[in-house]
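What follows is a set of notes on a single structure, which appears directly below.
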Amino acid sequence: MDHFDYRNGELYAEELPIARIAEEVGTPVYIYSRATLERHARVFRDGLKDLPSVHCAFAVKSNPNVAVLKVLKEQGFGADVVSEGEMRRALAAGIPAEDIVFSGVGKTRHELTHALEAGVGQFNLESEEEGVELAGIAARKGLTANCALRVNPDVEAGTHEKISTGKAENKFGVPYDRAAEIFDRLARLPGMNLRGLAVHIGSQLQSLDPLEAAFGRMGALMEAIRAEGHHITHMDLGGGVGVPYKQGEVFPSLEDYGAMVARVCKDWGVTLMFEPGRVITGNSGVLVTEVIRVKQGVHSPFVVVDAAMNDLARPAMYDAWHDFQAVHPRGDHFIASVVGPICESSDTFAKNREIDRVEAGDLAVFRTAGAYGATMANTYNSRPLVPEVLVSGEKFAVVADRIEPETILAAERVPDWL
Ligand SMILES: *Cc1c(COP(=O)(O)O)cnc(C)c1O
């Protein structure tokens, strides 16, 4: 469910015609719907209402726009961050430091120090080495780092290889079989308050079964660690719930997810922590684009649009599907490939797909572009950095400017010895 709907034959974002925003801001442009973000935040929480103690931290990497973070903060969400830059964004949105979880396999000494000084609520440690380093920094400063140990449960997430994180060969977390001994050693370090375990097996999961298997394994590990006399008060269950990208695809509901969590984890006697990203932001955003021209192809025409793989990388990176829809549908369809202007064949959004018939100058959208969209944008081919708009009812605001190639050029230097 989202708030992008056709009215009188034209696509709206909440109460606003998308064409009006495109006219004022230009294309390509991301449009986010505040009501959709709020709805998903609410539904996610409602699904967990039977659990005694819950902490939700939005996975900032899925959509780090500070206005989006502010919307989710108002819904009671903290932030799961993976860099100092993301931490600064969360703080800028008014998210209290204690509601921030710092994840990520390569936190630098500099980042650990700054996050500790900022009072970040929890560090999810990805290795024993990281824990030793963090405890050392904390002890020297007379501080205590609240931590959870990320464990790699060695389960098959059943998603795209590039977004699977919970198999033994992946770089994330400590091996399941060694987790208890590592926990024991880290928990004894001065400066360390090792209070829990964390798990995140991957993104865009279409089934709850791998999550249930992973949570079951984490529960058993928690019991084993407790039996050795350690206190575990927090269990971080990560994110990963997928969303449909194609019309008709079926994904688990957040109600089903909450019921599964309750079934497996209700009696753990901990605060359960969650790090949802895509399921909150995915269909809260669309990428609006204009058709530059329709070019004859050998098999089918190419619809050349003004958005490209630098604006929305998922199709090029993960062979991902985004529904392509005209803003003013002409009422018929054709088979075409949708491509961007970048000089790579991977700059392809759809191959020989049946889509709304479009012509040069028409507006169209890529749906479900609110997660892992603008956040992965870059300026390849010296294209502008794509702007972002937030809609709320009849209002909209540009929440990230288009950054022109001249601005980037201005940051480059030709040394005087050239
Ligand atoms: C990416 C990530 C998430 C969010 O994943 P989604 O699939 O967007 O819900 C949560 N936790 C960690 C540690 C991550 O790396």
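For ligands, and for the atoms within them, numbers begin at 1 and follow the listed sequence.
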Strictly by modelled atom types, are Thr36 and Asp2 linked by a side-chain donor-acceptor pair under 3.5 Å?
-> no

Measuring from Leu186:CG to Leu149:CG, what's the distance to the nearest 0.5 Å?
-> 6.5 Å

Can a donor-acceptor pair be found between the side chains of Thr289 and Asp306 at a distance below 3.5 Å?
-> yes

N/O to N/O under 3.5 Å, ligand 1 against protein:
from, atom 1, to, atom 2, distance (Å)
ligand 1, 7 (O), Ser203, OG, 2.3
ligand 1, 7 (O), Gly240, N, 3.4
ligand 1, 8 (O), Arg278, N, 2.8
ligand 1, 8 (O), Tyr372, OH, 2.6
ligand 1, 9 (O), Gly240, N, 2.9
ligand 1, 9 (O), Gly277, N, 3.0
ligand 1, 11 (N), Glu275, OE1, 2.6
ligand 1, 15 (O), Lys61, NZ, 2.7

Flag the pair Asn310 / Asn381 as yes when at least one side-chain heavy-atom distance between them is below 4.5 Å, and no otherwise.
-> no

State whether a side-chain donor-acceptor pair under 3.5 Å links Asn193 with Asn146.
-> yes

So, Gln247 and Arg367: side-chain donor and acceptor under 3.5 Å apart, yes or no?
-> no

